[in-house]
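None of these values were measured; they are calculated from a predicted model. If you read the sequence from its start, that first residue is 1, and numbering goes on from there.
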Amino acid sequence: MAQWATFLRNHDELDLSKLTADQRAEVFAAFGPKADMRIYDRGIRRRLAPMLRGDRRHVELAYALQFSMPGSPVLRYGEELGMGEDLSLDGRESIRTPMQWDDGPNAGFSDAADPGDLVRPVVTRGPFSYRTVNVRAEQRDRDSLLRWFGELIDTVRECPEIGVGVCSVLDVPTPPSVLAHRFDAPEGSILLLHNLADGAVTVDIGRLPGTEGRPWEMFADGPYPRPAATLRNLSLNGWGYRWIRLRRGRSD
């Protein structure tokens, strides 16, 4: 079965050429306000974490949304750490710096090469420096972005309906900032809620067809009360997300 590949960042610029001039200016103002952050007058040459000012809530919400969409999610190397870019490099090279494996010489990319011999320099300055953002440090930190990505990917593997099921947006009243959709397949059914605003909200979904027994939380931005079968009074934090299993498939 063929699927679209989804991504938030890839090895090139974030291409805004399909937007109108006004829309492009709005996106530039939010995510590429300086001239050296832009390329070809239509793209942004930055990684996602610095575009979102390193805010974990925003980064998590963005990737929770991506991984809850139809298609196969693609993750560019370093995004699972929250790596940054090097805007002193030319063009697209700004987001093609070496992987930051540890805080040793050359960020662990090569422990023998002279720094000047690397194909591109490692990021050494600012909050996204390899001395702070690297695989070894995040493996040791139970609350790191890398650990969070591991949980996200494990959850998607436990919920195959996200990959093979029919996706539908729920036709129920929700706060304007909330996207509520579901996937249904023989493998199971799941409800996905994402709050695209900074204020906490309460969502009333109501009983959904295809629910078996009491729903339970599969993945969320924090602890929430267990949802009732009525799916009413579902709290959702600002920039929050909840993935709620409605039915377990036979293949489980």
Side-chain angles (χ1 to χ4, degrees), residues 1-19 27 30-32 37-40 42-86 89 91-101 107 109 119-120 122-123 128 130 133-135 138-139 144-169 179 181-183 185 187-188 190 192 194 196 218-219 221 239 241 243:
M1 181 176 66
Q3 288 187 325
W4 288 102
T6 66
F7 57 86
L8 296 183
R9 293 300 292 111
N10 59 22
H11 61 286
D12 291 331
E13 70 277 1
L14 181 62
D15 187 356
L16 308 178
S17 60
K18 300 292 186 181
L19 303 183
V27 176
F31 301 119
M37 298 174 176
R38 308 173 188 176
I39 189 172
Y40 307 139
R42 58 157 172 76
I44 297 175
R45 61 187 202 109
R46 307 184 70 195
R47 281 186 176 267
L48 188 72
M51 285 173 60
L52 298 178
R53 300 177 177 84
D55 189 322
R56 272 285 297 275
R57 299 177 307 157
H58 292 175
V59 173
E60 288 185 13
L61 177 62
Y63 280 108
L65 269 169
Q66 181 203 354
F67 276 67
S68 71
M69 291 290 136
S72 298
V74 177
L75 190 65
R76 177 161 173 74
Y77 81 89
E79 293 296 291
E80 73 277 27
L81 304 178
M83 275 178 57
E85 70 275 343
D86 183 350
L89 300 177
R92 294 167 169 168
E93 304 305 309
S94 61
I95 60 171
R96 299 175 179 177
T97 56
M99 181 66 174
Q100 296 171 189
W101 293 105
F109 186 76
V119 63
R120 277 174 291 279
V122 298
V123 176
F128 302 100
Y130 76 90
V133 179
N134 63 72
V135 173
E138 296 201 21
Q139 284 178 331
S144 70
L145 185 62
L146 179 61
R147 291 290 193 101
W148 179 86
F149 264 105
E151 184 180 356
L152 170 66
I153 292 169
D154 286 345
T155 303
V156 172
R157 287 173 173 166
E158 291 182 42
C159 302
E161 61 267 37
I162 294 177
V164 302
V166 175
C167 179
S168 57
V169 177
L179 171 64
H181 65 293
R182 64 181 289 176
F183 283 90
E187 289 79 4
I190 191 167
L192 304 121
H194 296 85
L196 306 181
M218 295 294 293
F219 189 60
D221 65 288
W239 315 117
Y241 49 89
W243 295 9

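- Between Met69 atom CE and Cys167 atom SG the span is 6.5 Å, to the nearest 0.5 Å.
- Other residues, nucleotides and ligands contribute more than 12 heavy atoms inside 6.0 Å of the CZ atom of Phe149.
- Pairing each heavy atom of Ile44 with each of Gly32, the nearest pair is CD1-N, 4.2 Å.
- Pairing each heavy atom of Glu13 with each of Ile39, the nearest pair is CB-CG2, 3.5 Å.
- Here the CD atom belonging to Glu151 is positioned 9.0 Å from the CH2 atom belonging to Trp148, to the nearest 0.5 angstrom.
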### Query
Given the rule in the salt bridge (charged side-chain N to carboxylate O under 4.0 Å, His left out) test, do Asp12 and Arg96 qualify, once you have shown the distances and angles that lead to the verdict?
CA-CA 9 Å; Asp12 291 331; Arg96 299 175 179 177; 2.8 Å; yes
### Message
Using the rule given for side chain to side chain contact (heavy atoms under 4.5 Å, CB included), can you reason through Thr6 versus Phe67, listing the C-alpha separation, both sets of side-chain angles and the distance that settles it, and then say yes or no?
### Response
CA-CA 8 Å; Thr6 66; Phe67 276 67; over 6 Å; no
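- The nearest pair of heavy atoms linking Ser68 to His194 is OG-CE1, 3.3 Å.
- Rounding to the nearest 0.5 angstrom, the gap separating the CG atom in Leu75 from the CZ atom in Phe7 is 12.5 Å.
- Val123 has its side chain out of reach of Val133: every pair of non-hydrogen atoms, C-beta onward, lies at least 4.5 Å apart.
- Tyr130 is not listed as a side-chain neighbour of Phe109, based on a closest heavy-atom distance of 4.5 Å or more.
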### Task
Decide yes or no on salt bridge (charged side-chain N to carboxylate O under 4.0 Å, His left out) for Glu138 and Arg147, but give the supporting numbers first.
CA-CA 7 Å; Glu138 296 201 21; Arg147 291 290 193 101; over 6 Å; no
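- How far CG of Leu152 is from CD of Glu80: 12.0 Å, rounded to the nearest 0.5 Å.
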### Query
For Glu85 and Arg47, what are the C-alpha separation, side-chain angles and deciding distance, and is it a salt bridge (charged side-chain N to carboxylate O under 4.0 Å, His left out)?
CA-CA 6 Å; Glu85 70 275 343; Arg47 281 186 176 267; over 6 Å; no
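- A cation-pi arrangement is absent between Arg157 and Phe219 under the rule of less than 6.0 angstrom and at most 45 degrees off the ring axis.
- The salt bridge (charged side-chain N to carboxylate O under 4.0 Å, His left out) contacts involving residues 50-73 comprise Asp55-Arg57, Arg56-Glu60, where partners must be two or more places apart or lie in separate chains.
- Side-chain contact check for Glu161 versus Arg182: every heavy-atom pair is 4.5 Å or farther apart.
- A pairwise comparison of heavy atoms in Arg45 and Leu89 identifies NH1-O, 2.8 Å as the closest pair.
- What you find for Leu145 and Leu81 is that their closest heavy atoms are CD2-C, 3.7 Å.
- The closest side-chain heavy-atom distance from Met51 to Leu14 is below 4.5 Å.
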### Stepwise side chain to side chain contact (heavy atoms under 4.5 Å, CB included) check, Met83 with Met99
CA-CA 9 Å; Met83 275 178 57; Met99 181 66 174; 4.0 Å; yes
### Query
After noting the C-alpha distance and the side-chain angles of Trp239 and Asp221, does the key distance pass the side chain to side chain contact (heavy atoms under 4.5 Å, CB included) rule?
CA-CA 9 Å; Trp239 315 117; Asp221 65 288; over 6 Å; no
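- If you take CG on Leu48 and NE2 on His58, they are separated by 11.0 Å, rounding to the nearest 0.5 Å.
- Pairing each heavy atom of Ile162 with each of Trp243, the nearest pair is CD1-CZ3, 3.9 Å.
- Contact annotation: the side chain of Ile95 approaches that of Arg9 to within less than 4.5 Å [non-hydrogen atoms, C-beta and beyond].
- In this structure, Glu79 contributes its side chain and Tyr77 its backbone to no donor-acceptor pair below 3.5 Å.
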### Task
Run the numbers on Leu146 and Val135 for side chain to side chain contact (heavy atoms under 4.5 Å, CB included), then give the verdict.
CA-CA 8 Å; Leu146 179 61; Val135 173; 4.2 Å; yes
